[in-house]
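Encoded as structure tokens, here's the structure I'll be asking about.
Below, chain A is the first sequence line, B the second, and so on; all start at residue 1.
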Amino acid sequence: MQYWLLKSEPDEFSINDLAKLAPKVEPWSGIRNYQARNFIRDQMQIGDGILFYHSSCKQPGIVGLAKVASTPYPDPSQFDSVSPYFDAKSSIDNPRWVLVDIEFLEKFKRVISLTQIKAMPQFSELALIKSPRLSVQPVSSSHWQQLLALGR
DNA sequence: GCCAACGTTGGC
DNA sequence: GCCAACGTTGGC
């Protein structure tokens, strides 16, 4: 069991969109970064915890929880020539990009803002701070527990 | 395999 | 909308 942080732009897909779907799952489509892809492909397992992060918005921060709801499988959008996520160099036989389904768990009572996280020295090693552009990040169980306590 | 050019992310 | 950081591409 591992923990992750996934970023989403709320204008595109927010925690409320995920909540509305529940108990249906959302295929986490569109990851086009190798480091992020490798985490999904090599390490994600059903039941893993996910911190849901809102980026590129008024109040960037962690807004709730989800969980990994499938094993990794090829992202269909890479084969769709009209999709913005189309990848001509990928093929059905040798797909380049994978995704997992994610399932809503809860919305935090309060948003854990990026400002707040940055102000707390215990989070200086969090990938969100150290690798701010990575859209799929591992989170240690210690950080996970601390962040849960802050959000609930 | 280096590295310049280019594209993208995302906070501010 | 700006721009810093950084990932990717492609020529050599």
Whichever of A/R133 and A/R96 has its nearest DNA chain C nucleotide further upstream toward 5':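 Result of the comparison: A/R133.
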
Nearest-Å distance for atom pair CD1/P, residues A/I117 and B/dG11: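 For the pair A/I117 CD1 and B/dG11 P, the rounded distance is 10 Å.
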
d(CG, A/N33; C1', C/dT8) in whole Å: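 Roughly 10 Å, once rounded to whole Å.
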
Nucleotide C/dG7, atom C1' - distance to CG of A/D87 in whole Å: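 Distance, rounded to whole Å: 15 Å.
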
Mutual orientation of the aromatic rings belonging to A/F52 and A/F13 [parallel < 30°, tilted 30-60°, perpendicular > 60°]: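 It falls in the tilted class, 30° to 60°.
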
Non-hydrogen side-chain atoms of A/Y73 and A/L99 separated by less than 4.5 Å: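 In short, these two side chains touch, coming nearer than 4.5 Å.
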
Ring-ring centroid check A/W97 A/Y34, cutoff 6.0 Å: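 So the answer is yes for these two rings.
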
Distance, rounded to the nearest Å, where A/L128 contributes CG and B/dG10 contributes C1':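 Distance, rounded to whole Å: 11 Å.
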
A/Q116 CD - B/dG11 P separation (whole Å):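 Result: 15 Å.
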
Residues forming a ring-ring contact (aromatic ring centres under 6.0 Å, His included) with A/F104, sequence neighbours excluded: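 With neighbours one apart ignored, the set is empty.
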
Distance in angstrom units between A/L5 CG and B/dG10 C1', rounded: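 It is 14 Å, rounded to the nearest whole Å.
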
Sugar-phosphate only, base, or nothing, as touched by A/K118 at under 4.0 Å among non-hydrogen atoms: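 Sugar-phosphate contact only - A/K118 comes under 4.0 Å of backbone atoms but never of a base.
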
